[in-house]
Each structure stands twice: as C-alpha cells, then as structure tokens.
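Below: one structure, written as structure tokens.
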Amino acid sequence: MSESNRELEPLSDPGLPEHLHRKTDVDPLAAKKAERQVSILFTLSALGTILFVYAYIWIPEDTLIFLPLFNVTNAHQLFLGLGLAMALFFIGLGAVHWAKTLMPDHEVVDYRKEQRSKDEDRAAFVATVKDGAAQAGLGRRPLIKRSLGLALGLVGLSPILLLRDLGPLPENDLNETNWKAGTRLVTDPGDRPIRPSDLEVGGVAQVQPEFPAGKVRHLDDIAQDSVLLIRIRPEEFNLDAERLSWTYEGIIAFSKICSHMGCAVALYEQSTKHLLCPCHQSTFDVTRAAKVIFGPAARPLPQLAITVDNEGYLVAKAPFNEAVGPSFWGRDSG
Amino acid sequence: MSARERIAGGTASFIDERTGAAKWMKKTLTKVFPDHWSFMLGEIVMYSFVILLLSGTFLTFWFDPSMREVEYEGSYEPLNGIKMSAAYASALHISFDIRGGLLMRQIHHWAALIFMAAMVVHMMRVFFTGAFRKPRELNWIIGVALLTLGIVEGFLGYSLPDDLLSGTGIRIAEAIIQAIPVVGSYLSYFIFGGAFPGEMFIQRIYAVHILLIPGIMLALITAHLMLVWYQKHTQYPGPGRTEKNVVGYPLMPVYMAKAGGFFFIVFGVTAFLGAVAQINPIWIYGPYNPGQIGAGSQPDWYMGWLDGLVRAAPPIETHAFGITISWNILIPGLIIPGIIFTLMAFYPFIEQWMTGDKREHHVLDRPRNNPNRTAIGAMSLTFTLVSLINGGNDLLATHFDLAINQIMWFSRIGLIALPPLAFVITKRICLSLQRADREKVLHGRETGRLVMLPHGEFIEVHEPLSPEKAYVLTAHEQLPALEIGEADANGVANPQGLKGKLRARISKASQEQISKPTSKEMLELEDGHH
Ligand code: HEM
Ligand code: FES
C-alpha cells in the first residue's frame with residue numbers, strides 16, 4: 001500500500017493487543033489443576049489400550065450384544081474399535097490441553113521478505129543461464145541440436161510402445177456376442193433350456209446363450225450375452241411387423257446390458273411394462289421395443305429375435321443385429 | 001544438568017557436528033505459525049492421508065488383488081460355496097477372519113471420506129479468503145492436482161474389493177473410457193486387458209492405488225508443505241498484523257504439541273467412526289457379476305456429483321458415417337469436469353486479470369470484502385451441490401415420494417439457473433454486510449438497550465467499537481476498477497481496444513464495493529460527538 005493510500009485509511013493500526021495472562025500463568029493452584037487434568041487424559045488413553053488388548057484376546061469374534069443405539073452389534077469389533085479410538089483420542093486431547101493451559105501463549109512476530117529475488121540476483125541468474133547455454137554451444141551447432149531433438153523425441157516412444165501388450169485390439173469384439181442363429185436360451189443361474197410355457201404372462205427371466213459342453217462361461221461373456229425375457233399378452237405389443245416377428249407368443253427378449261453405460265437393467269415394473277436401469281434411471285418401454293422413455297440412455301435396448309426349435313425350446317432366431325452395451329466410436333449404428 | 005538434558009544436548013551436538021544443522025534447526029524450531037481454527041483444515045487433510053497410509057498398508061498384508069475365480073469358504077456363511085474373485089474373497093477374509101480387519105477396513109474408508117471432505121473444505125477456506133493470491137498460486141495448483149488425484153484414488157480404492165457395487169462403478173468408468181472419440185474402445189481394451197471386465201483390472205488398479213498415486217500425492221504434499229513453510233503462512237487481518245509480518249506461536253513447543261495432539265485426535269475420531277459406523281458392507285452386496293445389480297447403486301459422495309451430471313444429461317448421441325459420438329456421456333463425464341478443473345486451476349490468474357492486481361498478499365480477505373470472488377465461489381458450490389443432489393435422485397424419489405421426472409427437470413433447470421442466482425444473491429449479501437460494517441465503524445454497535453429521551457422518544461444505545469475491532473473492519477484496501485488504457489497496480493498498461501474494454505467492464509463489475517469510512521468521515525463524526 002502506498003503512502004498516499006495510508007492517509008485515506010480511517011484508522012491507524014493500533015498494534016498488537018496487550019498480552020493477557022491466563023489463570024494458569026498467575027495462579028499456581030490453577031496450573032497444578034491443569035497438570036492433573038492433562039495426566040487424567042493421558043491415563044484415559046492408557047485405559048483405551050487396555051480395552052483394546054482385552055477385546056483382541058478375550059472377547060470372542062462372534063460375540064453379539066445388544067446396545068441401545070446400535071441394535072445388535074459385534075462386541076469384539078466394537079470394543080476393539082472403541083479401545084483404539086480412546087487410546088488415540090485422549091493422547092491428542094491431553095497434548096492440546098497441555099499446550100493450551102501450560103505452554104507459553106505469547107504470540108510472537110516474525111518478518112517476511114518479498115519472494116522475488118533482488119534485481120541483481122535475477123540479472124546474475126539470467127546471465128548464468130545464458131552463459132551456460134553459450135558454453136554448451138547448442139545454438140552454434142545445429143547438427144547436434146537437431147539430432148538431439150530427434151533422439152529425445154524417439155526415446156519417448158519406447159515407453160508408449162511398451163504398453164502395447166496391455167491388451168489385445170478390440171477388433172470386432174464389441175459388435176459380437178455368443179448369440180448365433182439357433183443358440184438355445186438357458187436360465188441364469190441354472191443353465192437349463194426353457195420352453196415358452198415355463199414363463200407365465202407377467203414373468204421375467206434372465207437367460208444366457210447355451211454353451212457347448214466344456215466351454216466355460218466367463219464374466220466377459222455375461223457382460224455381453226445377458227438377456228432378459230419378458231412375457232406379456234401379445235396384443236399389448238406396439239411393434240412393427242418385423243419386430244413383432246422377433247417375439248414368440250408374447251415373449252420378448254432384450255439385451256440386459258444398458259445401452260447407456262452398461263449396467264444391468266434389472267428392474268421390471270409389471271404394471272407399466274417398463275424396464276428401469278438402477279444406475280441412471282433410464283427407463284425402457286417393453287411394449288415398444290424398449291424405446292427410451294426417460295433418462296440419459298440414447299438408444300433402445302437391442303432386441304434379440306427368438307423362436308422355438310423343433311424340441312420346443314426357446315432359441316435365438318439370429319444374432320443381435322447391433323452391438324450391445326454402451327456406445328463407442330466405431331459402433332455402426334446405421 | 002539433568003541426565004535428560006545431557007542426552008538431549010549430546011544428540012543435538014552429534015547431529016550438528018555431522019550436518020551443521022544447528023543454525024537451520026534453531027530458525028526452524030522458532031518458526032511462527034498463526035493460529036486460527038480454519039488453518040486446521042489442511043492439517044486434517046494431512047493427518048487423514050497418514051491414516052490412509054497406515055491402515056492401507058495393514059490391508060495389503062491380506063488383500064489379494066486377483067480376479068482369479070475361487071469358491072468362498074469362510075466365516076461368513078451366507079456366501080459359502082459361492083464363486084467369486086480372489087479379491088472379493090480376501091476382502092471378506094479381512095472383514096471376518098482377521099481380528100481388527102473389519103475395523104481397519106472401516107477406518108480406511110472413513111479416513112478416505114474425511115480426507116476428501118477436509119480437502120474440499122480446506123480449499124474453500126483458501127478460496128474465500130484469497131489465500132491463493134500471489135505468491136501462493138503454485139500451491140493452489142498443487143492443491144487442485146491433489147483433489148483430482150484424491151477423487152481417482154478413492155474411486156480405485158472402493159473398486160478394489162470387487163463387490164457388486166464397486167464392479168458397477170467400474171462398468172460405468174469403462175463406458176466413459178469407451179466413449180472417448182476415436183481411441184475409446186482401444187483404450188478400454190488396453191486398460192482391461194481385453195473385453196470388460198477381463199481378469200487383469202483389479203491387479204492393475206491395485207498397483208496404481210497403493211503405489212503410483214499415493215507416491216505422487218506424497219511428493220505433491222511434500223512440495224505443498226515446503227512452499228507453506230518457505231512462504232510463511234497467511235494471517236487474518238487484525239491489529240499488529242501487516243503484509244510484512246506474521247504473528248503467531250513458535251513451532252516449538254506450542255505448535256508442535258497442538259499439531260501433534262491434533263493428529264491423535266483426528267486418528268481417534270476416525271477410529272471411533274470405524275468402530276461404530278458401518279461403511280461399505282461388501283458382504284451384503286455379493287460378488288460382482290455384470291448381469292446383476294443392486295438397487296440404489298451410489299458412488300461415494302466425492303464421485304456423486306459426476307454421477308448426478310451423468311443422470312441429468314439429455315439422451316443425445318450422434319450417429320453418422322458409421323461412427324457414434326455419445327454426448328450423453330462425454331459432456332457430463334469428461335467435458336464439464338475438464339472445464340471445471342481447468343478453470344479452478346487457473347482461477348488465481350483469472351482473478352489477477354480481472355483486478356489487475358499482481359502484488360503479493362499475505363493478509364487474508366474477509367470474504368465479504370471481495371464480493372465478486374465470494375459470489376463466484378458460491379456459484380460453483382451451487383452447481384456442484386445441485387449435481388450431487390441429482391446424483392441421489394432415486395433415493396430422493398423413494399424417500400420423499402417424488403416423481404423422478406420432477407427431480408430430473410428440477411436439476412436440469414437448476415444446474416443452469418441456480419448458480420447465477422447464487423452469484424447475484426451472494427454478491428448482494430456481501431455488499432450489505434459491508435454496509436453493516438461501515439455503520440458499525442461510524443456509529444458503533446447496536447446494543448439492543450433502549451433508553452427513553454426526556455421528550456419520550458426511545459432510542460437504541462450504540463456502543464462505539466474498540467479501536468482493535470474497528471481496525472479489523474477497515475484494514476482491507478478497496479482497489480478501484482481498471483480504466484481503459486490505465487496502468488494496473490503493477491504499472492503495466494492496460495491494452496486499448498476491444499480486449500481492454502472488455503477487461504475494464506469485467507473489472508468494473510467485479511470491483512463493486514461499499515466504500516469503507518474515510519478518515520475524513522471519522523474525524524467529522526468525532527467532532528460531532530464532542
Ligand atoms: C489418498 C489415499 C487413499 C484413498 C483415498 C484410499 C481409499 C480407499 C477406499 C475408499 C477403499 C475401499 C475400502 C473398502 O470399503 O473396502 C480402499 C481400499 C483399499 N486400499 Fe486405499 N486409499 C488410499 C491409500 C491407500 C494406500 C496408501 C494403501 C496401501 C499402502 C491402500 C490400500 C488399500 C487396500 C489394500 C484396499 C482394499 C482392501 C479392502 O477393501 O478390504 N490405500 N482405499
Ligand atoms: S447405465 Fe443404465 S441408465 Fe446409465
């Protein structure tokens with residue numbers, strides 16, 4: 001603040017207020033009392049540790065007790081924690097109380113200097129750098145400069161290249177699932193093939209594609225293949241002829257993997273025939289081919305065309321005709 | 001000399017003769033720290049970081065970061081015989097078969113929440129008091145980096161146990177990565193080692209969670225503290241406190257005892273929460289399976305605002321030429337957070353540009369004395385808060401019996417309309433507080449005592465402020481707005497032309513103040529009184 005500014009100030013700085021003595025500074029009895037308080041706090045900490053050790057060794061791990069606020073709770077875990085909490089907390093409280101009542105409480109003043117270096121130091125610094133650069137002579141030797149630039153630029157590539165084997169390329173993976181024409185639908189869990197009659201009107205079932213014997217279902221498969229079967233009365237569908245032909249006797253099949261960000265679309269509301277994704281509440285209308293009627297999802301859930309095979313079990317009529325799950329750059333959405 | 005003094009002296013002398021540290025140590029031990037409750041916020045951040053290191057190290061002794069499929073056999077009977085990842089099984093093992101294991105898991109998780117909360121509140125303190133001003137801009141930027149890393153670290157942490165809830169969180173993170181234009185699906189395949197969820201992810205984020213990010217954070221925290229040390233702490237305005245000094249308590253013994261004690265208090269409180277308040281009961285969620293989900297899936301609160309933005313996003317995707325761009329994911333998931341964190345990091349320089357003030361500041365602002373900054377802060381907080389509320393829209397809907405549709409429209413409109421409203425209201429409040437300060441300085445404090453004048457009129461007795469109080473209320477400077485073509489406080493001419501005009505306009509709007517009493521006014525009043 002400049003001097004002229006100062007004159008405009010309404011009040012001049014009255015300076016540091018006078019130091020007031022605490023009771024413990026002037027009254028030895030008060031000081032003695034504070035000392036006792038501090039030692040009581042430290043003792044409480046010691047008791048906390050004893051509680052901790054007691055709980056660790058002697059309270060069996062499966063002891064359940066009833067406490068008013070906590071309902072039924074595990075005593076081993078509770079007293080272990082309370083002991084540790086006490087042991088730590090009272091050390092802290094003791095130290096702070098000690099500092100506040102018995103250690104000196106004189107405020108002291110220290111002075112600052114500007115962060116900026118003095119002008120001559122700055123000039124000297126710049127000169128040193130320039131000097132150093134000149135001695136290296138990079139400016140005079142363009143050949144070195146360019147080849148060094150090349151070398152440094154290239155050496156940065158190797159760590160990036162080293163990361164290449166982190167994973168395979170996606171290829172066409174994201175567009176494909178294990179559903180083929182004729183793949184049987186099997187229950188999840190259970191892996192049993194299903195007939196239309198197994199699902200009553202109003203019912204829902206989660207299914208997976210049947211795997212040939214010996215092939216193991218991994219989570220990667222479930223993340224792409226999971227399908228929800230829903231059965232409603234056929235006249236309730238509001239579908240074009242093609243999509244209607246993908247259903248079977250009122251049974252319609254959708255990918256269970258949300259077209260928004262891939263959560264499992266798990267909530268089916270029977271009365272409204274809406275499917276709801278619990279992640280961001282995208283809501284899909286089952287009667288209209290899972291059209292999005294609410295929420296951030298931008299696409300309907302992909303529909304799987306189904307029919308029955310000659311043994312009467314539900315099968316896929318064709319693979320999904322689009323990629324399931326969240327969108328990606330190369331997703332061919334027609 | 002007592003035996004203890006002899007040992008202390010001997011140790012000191014041993015170290016000094018080998019390092020020459022005595023001179024530096026003497027200066028250090030008498031270093032002055034100003035005292036104020038709001039200066040403890042940063043300490044809480046630091047202490048909970050230490051608690052995270054300690055409790056996290058304990059967890060690593062048993063945690064098995066592997067997605068190998070195992071069949072659970074352990075003390076938690078409902079899950080016996082269920083197939084799950086080794087990571088989830090080992091987190092159950094820590095919770096049920098290691099004495100104190102569940103306690104440590106809960107302490108670790110509570111410490112993470114306290115760490116993040118304290119960091120946010122600490123940042124608010126720094127922002128609203130202007131502590132980020134020159135020369136402390138670098139420390140502000142380090143702070144923004146720490147906040148960002150903290151969010152990532154916390155997310156990776158609660159992803160580790162590989163339960164149904166955390167797996168769902170990873171699924172969403174994967175969708176964000178996959179949505180990145182051009183390279184998204186490649187990035188996702190590299191990160192997950194193939195298709196989601198793959199068998200590599202937990203072991204990879206484990207290395208990042210326990211080594212890479214904590215290491216970077218530790219380095220940044222060290223730099224942060226060294227700068228605080230070297231630049232000396234800021235202080236609130238008050239009698240005897242100037243830009244040139246720092247008033248407080250010496251490090252040894254008062255500050256050391258208080259700070260050391262405070263560490264144990266924070267640790268004790270965290271342990272208490274870990275003991276009595278259940279957090280992340282993973283055994284209830286079950287193992288992760290991409291075909292299943294729990295209702296009411298919610299991330300930890302520091303991610304909740306992002307989730308709220310995602311939920312509020314309109315369902316827009318561009319489909320053209322065989323490619324897809326998911327605006328509904330990119331905008332709330334990457335673009336808005338990117339803009340927010342960039343603006344936040346550059347705010348000290350943005351403010352310098354608005355005010356033209358490039359001088360050093362060591363005395364803090366009372367928030368009301370910088371209405372523009374305070375209003376910007378309130379605006380940003382409002383935005384984040386509305387997003388956070390929308391992140392819990394499903395819970396709100398079920399608890400308060402509201403339609404989810406109403407909440408979404410409230411949030412969408414609120415995200416756009418409420419922040420500017422908060423800006424205007426906050427600015428008005430600051431200005432009226434300034435007016436109240438001015439009244440107090442000129443006419444004293446209202447005491448609430450009424451006296452009857454001889455002719456029957458009642459007046460309220462005003463008590464003059466003490467010189468100390470009055471000084472606090474008037475010690476701030478009120479910078480004039482920049483004029484077009486005028487030099488700023490640093491002597492740099494303000495450019496003419498459109499840019500200059502714009503800057504002058506912004507500066508004028510941002511420098512609106514109620515002028516504080518002048519010395520002339522004070523003198524006149526004093527004359528009137530006598
Ligand atoms: C800023 C630092 C950190 C944050 C914010 C953080 C946060 C978290 C969170 C929220 C969890 C989930 C806990 C649960 O509910 O189960 C977690 C798990 C874990 N963290 Fe950290 N953490 C941090 C640092 C560390 C460090 C330094 C280590 C090890 C040296 C560590 C080791 C672990 C382990 C092993 C787990 C999984 C064990 C389990 O969940 O049972 N963390 N972390
Ligand atoms: S993942 Fe289903 S709504 Fe977002």
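All values below come from the heavy atoms of this structure, side chains included, with hydrogens, waters and symmetry mates left out. We name chains A, B, ... by the order of the sequence lines, and we start the count at 1 in each one. What you are looking at is a predicted structure, and each value in this text was computed from that prediction instead of being measured.
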Handout entry: Close side-chain approach of A/D220 and B/P197, heavy atoms under 4.5 Å
Key = yes
Fill in the blank from the handout: Rounded to the nearest 0.5 Å, the CZ atom of B/R99 sits from the NE2 atom of A/H76 at a distance of 6.5 Å
Handout entry: Worked check of side chain to side chain contact (heavy atoms under 4.5 Å, CB included) between A/M261 and B/R171
Key = CA-CA 7 Å; A/M261 298 175 95; B/R171 172 80 249 204; over 6 Å; no
Problem - Options B/Y186, B/F272, B/W327, ranked by heavy-atom pairs under 4.5 Å with chain A, top entry - result: B/Y186
Fill in the blank from the handout: The side-chain hydrogen bond (donor to acceptor under 3.5 Å, both in side chains) partners of B/Q292 (sequence neighbours excluded) come to none
Exercise for the section: Please examine the side chains of A/H218 and B/E199, heavy atoms only from C-beta on, and report whether any two atoms are closer than 4.5 Å. Expected result: yes
Handout entry: Which of B/G184, B/G248, B/P135 touches chain A most, by non-hydrogen pairs under 4.5 Å
Key = B/G248
Problem - Rounded distance (nearest 0.5 Å) linking atom CZ of A/F328 with atom CD1 of B/I325 - result: 14.0 Å
Problem - Interface moiety of B/S185 toward chain A, non-hydrogen atoms closer than 4.5 Å - result: both
Practice task
Drop me the distance from A/L219's CG to B/D162's CG, to the nearest 0.5 angstrom.
Solution key: 8.0 Å
Problem - Polar side-chain atom of A/R164 near backbone of B/F190 as donor-acceptor pair, under 3.5 Å - result: no
Problem - Check: A/Q77 side chain, B/L102 main-chain N or O, donor-acceptor pair, under 3.5 Å - result: no
Practice task
Start with the C-alpha gap between A/H260 and B/V310, add the side-chain angles, then the distance that decides, and say whether side chain to side chain contact (heavy atoms under 4.5 Å, CB included) holds.
Solution key: CA-CA 10 Å; A/H260 179 226; B/V310 169; 3.5 Å; yes
Exercise for the section: Report the option among B/P181, B/A313, B/P467 that has the most heavy-atom pairs separated by less than 4.5 Å from atoms of chain A. Expected result: B/P181
Handout entry: Rounded distance (nearest 0.5 Å) linking atom CG of A/D110 with atom CZ of B/F33
Key = 10.5 Å
Completion exercise
Applying a strict 4.5 Å limit to non-hydrogen atoms, the region of B/E243 in contact with chain A is backbone
Problem - Atom of B/A257, atom of A/A95 and distance for their closest heavy-atom approach - result: O-CB, 3.8 Å
Problem - CA sep, side-chain torsions, deciding dist, call: A/L169, B/Y189, side chain to side chain contact (heavy atoms under 4.5 Å, CB included) - result: CA-CA 6 Å; A/L169 298 184; B/Y189 265 61; over 6 Å; no
Exercise for the section: Side-chain contact test, heavy atoms from C-beta onward, threshold under 4.5 Å: evaluate it for B/R204 versus A/L166 and give yes or no. Expected result: yes
Problem - Interatomic distance, B/R311 atom CZ to A/C279 atom SG [nearest 0.5 angstrom] - result: 7.5 Å
Completion exercise
Ranking B/A275, B/P239, B/A175, B/G274 by heavy-atom pairs under 4.5 Å to chain A gives rank one to B/P239
Handout entry: Student check: side-chain heavy atoms of A/V108 and B/Y249 closer than 4.5 Å
Key = no
Handout entry: Min side-chain heavy-atom separation A/F89-B/V269 under 4.5 Å
Key = yes
Handout entry: A/R331/B/E317 salt bridge by N-O under 4.0 Å criterion
Key = no
Fill in the blank from the handout: Cut-off 4.5 Å, heavy atoms of chain A, and the answer for B/K244 is backbone
Fill in the blank from the handout: Minimal heavy-atom distance between B/K258 and A/A99, with the atoms involved, is CG-CB, 3.7 Å
Exercise for the section: Heavy-atom distances under 4.5 Å only: say whether B/Y255 touches chain A with side chain, backbone, both or neither. Expected result: neither
Handout entry: Trace of the side chain to side chain contact (heavy atoms under 4.5 Å, CB included) decision for B/V276 with A/L82
Key = CA-CA 8 Å; B/V276 303; A/L82 287 180; 4.0 Å; yes
Problem - Check: A/V109 main-chain N/O paired with B/N245 side-chain donor or acceptor under 3.5 Å - result: no
Practice task
Considering only heavy atoms and a distance below 4.5 Å, find which of B/I176, B/D307, B/N390, B/V266 pairs most often with chain A.
Solution key: B/D307
Practice task
Answer yes if the side chains of B/N393 and A/H280 hold a donor-acceptor pair under 3.5 Å, and no otherwise.
Solution key: no
Completion exercise
Heavy-atom nearest pair, A/A264 first then B/I293, reads O-CG2, 3.4 Å
Exercise for the section: State, to 0.1 Å, how close B/Q231 and A/R112 come at their nearest heavy-atom pair, and which atoms those are. Expected result: O-NH1, 3.3 Å
Handout entry: Nearest non-hydrogen partners of B/P290 and A/I257, listed with the distance
Key = O-CD1, 3.9 Å
